[in-house]
Each structure stands twice: as structure tokens, then as C-alpha cells.
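FYI, the numbering just counts along the sequence from 1.
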Amino acid sequence: MTAPHNAFKAALARGETRFGLWLGFAHPYPAEIAGHTGFDWLVIDGEHAPNDLPTIAAQLQVLDPLPADAVVRLPMGEDWAIKQVLDAGAQTLLIPMVESAAEARALVRATRYPPQGIRGMGAGFARASRFGGAADYATTANAEICLLVQVETRSGLAALDDILAVEGVDGVFIGPADLSADMGYPGRAEVPEVQTAIEDALRRIRAAGKAPGILSTDDEAVSRYLDCGAQFVAVGIDVSILSAALRARAARWTKG
């Protein structure tokens, strides 16, 4: 047996568009619910949600048989953290705050077995190899890893062309919230200057042959981003959707 086929990576390579949802509950039950709703991909967020390795692994387990592809966002690009989530079965990683080609190259190496990288050879008894059932895992895993890097600062945008030239980077995700804050407009991603920077970046990513990604809950903005070539687009956050629905329901019956 070989490493599992990464359908998400293959779809991006074919130029297809995929719509996703952010998972912030840090629990497998709501992740499983989301996995049945029709989204193409789901982000298990380890940066701003209270996730750790066991909660990430549990969500990977429930999503594994479902149609939605799992993407794991780590809080940082440390080698040890990458190694752990890959051994837990993640195949697509989203790494925040990448600001140089050197950082991108280091991330590629952290996700690959030697000689292409430095990933430790311990998956033989881990979930990634089906607990040793995939005898050829180590020789086939590299080709199925999908690495998505987040560019979300002015420094990152300045280095975007160099980052795009790094072999092994499959896609670049533009982070509107952090980018707008870094540009001097915290909480105001809709500012024209920010939107111009985002749209220009998406076009440059697509022109370089990489997959552009973005998160937005504004339908009009999503349409613009798609016109700019965005391929993997998150259109909602589970925590925010539930919170808004509950507030609306409470307002309907408690403020009459």
C-alpha cells in the first residue's frame, strides 16, 4: 500500500475551484457535521482555535471517510509540529505568516522525507501509514503532501514572487485580516487599498501556476476573488455561523 491519494492537491493542480469552511470548535462532533454538509474542504484551525495534537487527530479521523478534504492550519511552521500532524494523518497543511522564500523552502523540507527534506522516519507506527499497513508510505508520501503558505503582511507581499518560485509550495493563501491590520487598517479588510493588494496578489499567484486561496464571508468579495483566479476559497467559519444563528434566534424571542 502507498500513501493515500490527496484529492485536494490533485484538484488544485487541475485548476479546479474548491469552496471551504473554517472549523473552530476544536472537537470532532461539529467537524463531522460540517463534513456532511457539502463543502469541498475544511480547515482544522490550530492557530486561533483551541486545538492541540489530540483534537486535530480526532477531527482527521472523523473526516477521513467523508467527502470534504481536511486541511490543518498550524499556529507556526516548526519542524516538530509539522512532523506530528503529518504522522497523525494530515496531508494538506496551511502555515501562517510566511514572509520569505527561505521560510517557504524550510517548510517544504519539513514536510518531505529525505533526501528531499528532513521529516523524521517515524510514521511506520502512526496513523499516516495506517499503522504500518501502508508498507510503501515513506517512499510515496512526499508526492501526496500539499503545502499551502499564508502571505498576510506587507513583507510577505514584497517577497511573493520569490515565494511563488519555491518548488513544493502548492498554493498561497492571502490572509485579509492580518494583511489589513499590517497595512494600518485593523478590522477593515474592505478598504480599497487592502482590496487592491489582495486582488493583485491573487492574480500573481495564479499567473505563477500556484493555487490562490482566500477567506471571506462576503459574497460580493468572494465573487471578485474568483474573478481574480482564487481557487481554494473559504466562505464561512463554523463558530461565527452558529453564533450569528443563535443571536438571531434569541433576538426573535427575547426582545419582542
Side-chain angles (χ1 to χ4, degrees), residues 2-4 6 8-9 12 22-23 26 41-61 63-64 69-132 134 136-153 155-156 159-160 162-175 178 205 210-211 213 232:
T2 63
N6 190 333
F8 181 78
K9 177 173 182 171
L12 294 186
W22 232 254
L23 301 180
W41 57 285
L42 301 168
V43 177
I44 302 170
D45 188 6
E47 183 180 16
H48 294 297
N51 272 302
D52 57 14
L53 184 60
T55 63
I56 290 172
Q59 289 169 86
L60 288 170
Q61 287 175 310
L63 292 177
D64 193 40
D69 294 308
V71 177
V72 174
R73 178 163 79 163
L74 288 172
M76 67 327 216
E78 298 293 334
D79 298 348
W80 63 268
I82 290 173
K83 175 170 56 179
Q84 287 189 325
V85 294
L86 291 181
D87 284 356
Q91 288 187 292
T92 301
L93 299 184
L94 178 62
I95 307 297
M97 289 292 176
V98 176
E99 296 186 316
S100 71
E103 292 177 10
R105 283 192 292 269
L107 292 171
V108 172
R109 287 181 55 77
T111 62
R112 266 64 172 184
Y113 284 122
Q116 289 82 16
I118 59 171
R119 181 181 174 187
M121 301 293 294
F125 63 89
R127 183 173 179 273
S129 69
R130 301 296 188 259
F131 307 102
D136 294 327
Y137 177 81
T139 59
T140 57
N142 286 359
E144 300 299 337
I145 297 298
C146 181
L147 175 62
L148 311 172
V149 300
Q150 290 186 227
V151 169
E152 44 196 342
T153 63
S155 295
L160 181 58
D162 292 335
I163 293 170
L164 291 169
V166 175
E167 185 177 356
V169 170
D170 296 287
V172 177
F173 180 94
I174 302 299
D178 284 292
I205 296 164
K210 307 287 188 179
F232 61 105

Original post:
Can you name the nearest heavy-atom pair linking Asp45 to Glu47, along with the distance?
Top reply: OD1-N, 2.9 Å
**OP:** Taking all non-hydrogen atoms of both residues into account, name the closest pair between Phe125 and Phe131 and its distance.
**Re:** O-CD2, 3.8 Å
**OP:** Could you give me the CA-CA distance, side-chain angles and deciding distance for Val43 and Leu23, then say whether side-chain contact (heavy atoms from CB on, under 4.5 Å) is met?
**Re:** CA-CA 6 Å; Val43 177; Leu23 301 180; 5.9 Å; no
Subject >> Inter-residue atom distance Leu53.CG - Thr55.OG1, 0.5 Å rounding >> reply: 8.0 Å
Subject >> Stepwise side-chain contact (heavy atoms from CB on, under 4.5 Å) check, Tyr137 with Thr2 >> reply: CA-CA 5 Å; Tyr137 177 81; Thr2 63; over 6 Å; no
**OP:** Show your reasoning for whether side-chain contact (heavy atoms from CB on, under 4.5 Å) applies to Ile174 and Glu152.
**Re:** CA-CA 6 Å; Ile174 302 299; Glu152 44 196 342; over 6 Å; no
Subject >> Gap separating the CG atom of Leu147 from the CD atom of Gln91, nearest 0.5 angstrom >> reply: 13.5 Å
Subject >> Smallest separation among heavy atoms of Leu63 and Ala70, with atom names >> reply: CD1-CB, 4.0 Å
**OP:** Given side-chain contact (heavy atoms from CB on, under 4.5 Å), test Asp178 with Met97 step by step and report yes or no.
**Re:** CA-CA 9 Å; Asp178 284 292; Met97 289 292 176; 3.6 Å; yes
**OP:** First locate atom CG of Leu160, then atom NZ of Lys210, and finally report the distance between them rounded to the nearest 0.5 Å.
**Re:** 11.0 Å
Subject >> Sequence neighbours excluded - salt bridge (charged side-chain N to carboxylate O under 4.0 Å, His left out) pairs with any residue from residues 116-130 >> reply: Asp64-Arg127, Asp64-Arg130, Asp87-Arg119
Original post:
Should the ring pair Phe173 and Trp22 be called parallel, tilted or perpendicular, given that the plane angle runs from 0 to 90° and is split at 30 and 60?
Top reply: tilted
**OP:** Going by the side chain to side chain donor-acceptor pair (under 3.5 Å) test, name the single residue among Thr92, Asp69, Asp170 that passes it with Asn6.
**Re:** Thr92
Original post:
Closest heavy-atom contact between Val71 and Leu148?
Top reply: CG1-CD1, 4.3 Å
Original post:
Counting only N and O atoms by type, is there a donor-acceptor contact under 3.5 Å from the side chain of Ser129 to the main-chain atoms of Ala123?
Top reply: yes
Subject >> Interatomic distance, Thr111 atom OG1 to Ile145 atom CD1 [nearest 0.5 angstrom] >> reply: 6.0 Å
Original post:
For Ala101, which residues count as a side-chain contact (heavy atoms from CB on, under 4.5 Å) partner, sequence neighbours excluded?
Top reply: Arg105, Asp162, Val166
Subject >> Rounded distance [0.5 Å steps], CD1 in Ile44 versus CG in Leu94 >> reply: 12.0 Å
Subject >> Heavy-atom pair of closest approach, residues Leu60 and Gly89 >> reply: CD1-C, 4.1 Å
Original post:
Angle class for the Phe8/Trp41 ring planes (parallel below 30°, perpendicular above 60°, tilted otherwise)?
Top reply: tilted
Original post:
For the residue pair Ala88 and Ala57, what are the closest heavy atoms and their distance?
Top reply: CB-CB, 4.2 Å
Original post:
Nearest 0.5 Å, what's the CG-CG distance between Leu107 and Asp79?
Top reply: 8.5 Å
Original post:
Does Glu99 offer a backbone N or O that forms a donor-acceptor pair with the side chain of Glu103 under 3.5 Å?
Top reply: yes
